[in-house]
Amino acid sequence: MEVVRCRARATRRRDFYANLRPQLYRLIESETVDPVRNPYAPGAGQRPPELAGRDRELKQFEVVLERVARGRPERSMIITGLRGVGKTVLLNTFRSMAIQRLWGTGKIEARPDQSIRRPVASALHVAVRELAPRHRAPDRIEEFLGVLKAFAQAGEEDGRTKARAHRWQPGIDVPATRGRADSGDLEIDLTELFVDAASVATDVGAGIALFVDEMQDVPADDVSALCAACHELSQNGGPLIVVGAGLPHLPAVLSASKSYSERLFRYARIDRLDRESADLALLAPAEREEVTFTPEALDALYGAADGYPYFVQAYAKVVWDVAPDTPITAEDIRVAAPEAESELAVGFFGSRYERATPAERDYMRAMAVLGDDPVPTAAVAGELGRKPSSLSPARDGLIKKGLIYSAERGLVAFTVPHFGQFLRTQPA
């Protein structure tokens, strides 16, 4: 009988601890750095959990919105910087700020050798559709959509059929308006379209913002047309602004198209984060998850990421997954660094390197040998033992692919930070 009672007590104890084990595991896991709660977000255009170091640009755009809302003349805005500094993130944040003010917004991403006519038509359709429910005269909206449809369809004629090449449908069944924004000359058409769109925004007491990412890829003639349309708007005070983002040479691209472009836009150059901002980008999201970093860990992370926002997120994400406990230490950084560097080598650097032809790779490797600062094209030719003119196709191909840019006449530089360091580690 006693044996039976002992067995029963043992069974109850076993069941008790079996039921307690999941709760104990949850308690133990709550004291570690949980990968599921990892707040860091390295991604193309993906907003980081803490948008640090961009207060100046956000205030500048707030001023632009406020001045336009009050009917004051204001320039459109251009953001420039290297890859990975957060231009697209900032552009998307600007768009959110405009939406919060009940503006109509649209966004396009420019592509080399592709006219902006249809993308702009689609973006402005989205913007006006956001304003339409507040407009008291539906006929005015339909009238604008007719102009928009005519603008989109006014592309070049197809050589075989002589039919219009761009038969874009706006989603609302309205006939295309004839004689407005349909001349086929993009500069004339875009100006008329912007003026009409700004008029619709004025009717509802709001504004329209058109956001253009990768703006350096807009074809030269289209850049000229875009500048001319913005110039017309700046003169008549219409509540429509263009906000562009692009590589560091974008101001030179705009200046080459229209001599007055430097007075047409408000320019904001963004770069790596300073130490205080980089620390904030790491600490603020971590502390919301009750995790922190030692001072030595912050030192090590800043040294590894060099303040570039994408690198900050990439290293922090891997470090979080590797760290066994809080606070995260410099040793955790040392252990995680090879994995973070491997991921960057494949996803950030390698994917770009693979897009280049063999001749273009030789050109970039020669640049990397010469250093990380902008290098003379003549020096690259000397490194390769070639005449500069013979390397023009490779250089132009790399510029077109967005891998290098012309920092100034006779100089070229990588569009991606630390790309030279990456190339110096690759086998020839």
Side-chain angles (χ1 to χ4, degrees), residues 24-55 81-86 89-90 270-353 368 371-373 414 416-426:
L24 289 173
Y25 284 167
R26 282 195 291 271
L27 179 62
I28 293 169
E29 288 173 358
S30 70
E31 298 299 321
T32 64
V33 182
D34 182 3
V36 175
R37 295 186 291 126
N38 193 327
Y40 301 107
Q46 189 169 346
R47 184 185 172 101
E50 184 71 26
L51 186 58
R54 302 297 180 229
D55 291 346
L82 296 175
R83 304 285 185 196
V85 296
V89 168
L90 196 54
I270 62 174
D271 203 344
R272 70 188 76 187
L273 301 175
D274 59 29
R275 176 60 191 272
E276 182 180 357
S277 298
D279 286 355
L280 177 62
L282 290 166
L283 289 171
E287 289 175 352
R288 288 194 286 268
E289 299 293 340
E290 299 182 348
V291 173
T292 191
F293 294 77
T294 66
E296 295 76 16
L298 293 174
D299 290 341
L301 270 174
Y302 191 76
D306 199 18
Y308 285 103
Y310 184 87
F311 295 165
V312 169
Q313 297 295 314
Y315 276 93
K317 188 174 192 308
V318 175
V319 167
W320 181 288
D321 290 343
V322 168
D325 204 347
T326 182
I328 294 173
T329 67
E331 176 62 18
D332 297 328
I333 312 300
R334 187 190 67 78
V335 171
E339 183 179 342
E341 290 162 4
S342 177
E343 290 187 8
L344 287 171
V346 174
F348 192 73
F349 298 119
S351 60
R352 290 175 166 83
Y353 181 72
D372 297 316
D373 296 325
F414 292 114
V416 178
H418 294 186
F419 201 60
Q421 295 179 27
F422 165 77
L423 290 173
R424 288 191 290 272
T425 66
Q426 300 305 301

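Just so it is clear, the model here is predicted, and its values are computed rather than measured.
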Decide yes or no on side-chain contact (heavy atoms from CB on, under 4.5 Å) for Ile333 and Ile328, but give the supporting numbers first.
-> CA-CA 8 Å; Ile333 312 300; Ile328 294 173; 4.2 Å; yes

side-chain contact (heavy atoms from CB on, under 4.5 Å) between Gln421 and Asp372, intermediate numbers included | CA-CA 8 Å; Gln421 295 179 27; Asp372 297 316; 4.2 Å; yes

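Formation of a donor-acceptor pair under 3.5 Å by the Arg54 side chain with backbone atoms of Gly86 is not found in this model. At least one donor-acceptor pair closer than 3.5 Å links the side chain of Ser351 to the backbone N or O of Gly347. Without hydrogens or angle criteria, Arg352 side chain to Phe348 main chain gives a donor-acceptor distance under 3.5 Å. Remark: side-chain polar atoms of Thr292 are not paired, donor with acceptor, to backbone N or O of Glu287 under 3.5 angstrom. Tyr40 places a side-chain N or O within 3.5 Å of a backbone atom of Leu282 that can act as its donor or acceptor partner.
In this view, Tyr353 satisfies the ring-ring contact (aromatic ring centres under 6.0 Å, His included) rule with no residue, not counting sequence neighbours. Every residue meeting the side-chain hydrogen bond (donor to acceptor under 3.5 Å, both in side chains) condition with Arg83, not counting sequence neighbours, appears here in chain and number order: Glu214. Residues that satisfy the side chain to side chain contact (heavy atoms under 4.5 Å, CB included) test with Pro42, not counting sequence neighbours, are Tyr310, Gln313, Ala314, Lys317. The ring-ring contact (aromatic ring centres under 6.0 Å, His included) check on Tyr315 picks up nothing, with sequence neighbours excluded. Residues satisfying the ring-ring contact (aromatic ring centres under 6.0 Å, His included) test with Phe422, not counting sequence neighbours, are Phe349, Phe419. Among residues two or more places apart in sequence or in another chain, the salt bridge (charged side-chain N to carboxylate O under 4.0 Å, His left out) test is passed with Arg275 by Asp279, Asp299.
A pairwise comparison of heavy atoms in Asp332 and Pro324 identifies OD1-CD, 3.4 Å as the closest pair. Between Pro39 and Pro49, the shortest heavy-atom distance links the atoms O-CG, 3.2 Å. Nearest heavy-atom pair, Pro285 versus Leu280, reported as atom, atom and distance to 0.1 Å: CD-O, 3.9 Å. In this structure, Pro417 and Leu82 approach most closely via the heavy-atom pair CD-CB, 4.1 Å.
The only option from Val318, Val291, Asp321 that meets the side chain to side chain contact (heavy atoms under 4.5 Å, CB included) definition with Asn38 turns out to be Asp321.
The structure places OG of Ser277 at 10.0 Å from CD of Glu50, a figure rounded to the nearest 0.5 Å. The OG1 atom of Thr326 sits 11.5 Å away from atom CD of Glu289, with the distance rounded to the nearest 0.5 Å. Expressed to the nearest 0.5 Å, how far CG of Leu298 lies from OG1 of Thr329 amounts to 11.5 Å. Within the model, atoms CG of Leu301 and CD of Glu296 stand 12.0 Å from one another, a figure rounded to the nearest 0.5 Å. Note: Asp274 CG to Tyr302 OH = 6.5 Å, rounded to the nearest 0.5 Å.
For an aromatic pair to be called close, the ring centres must be under 6.0 Å apart, and His418 with Tyr308 satisfies this.
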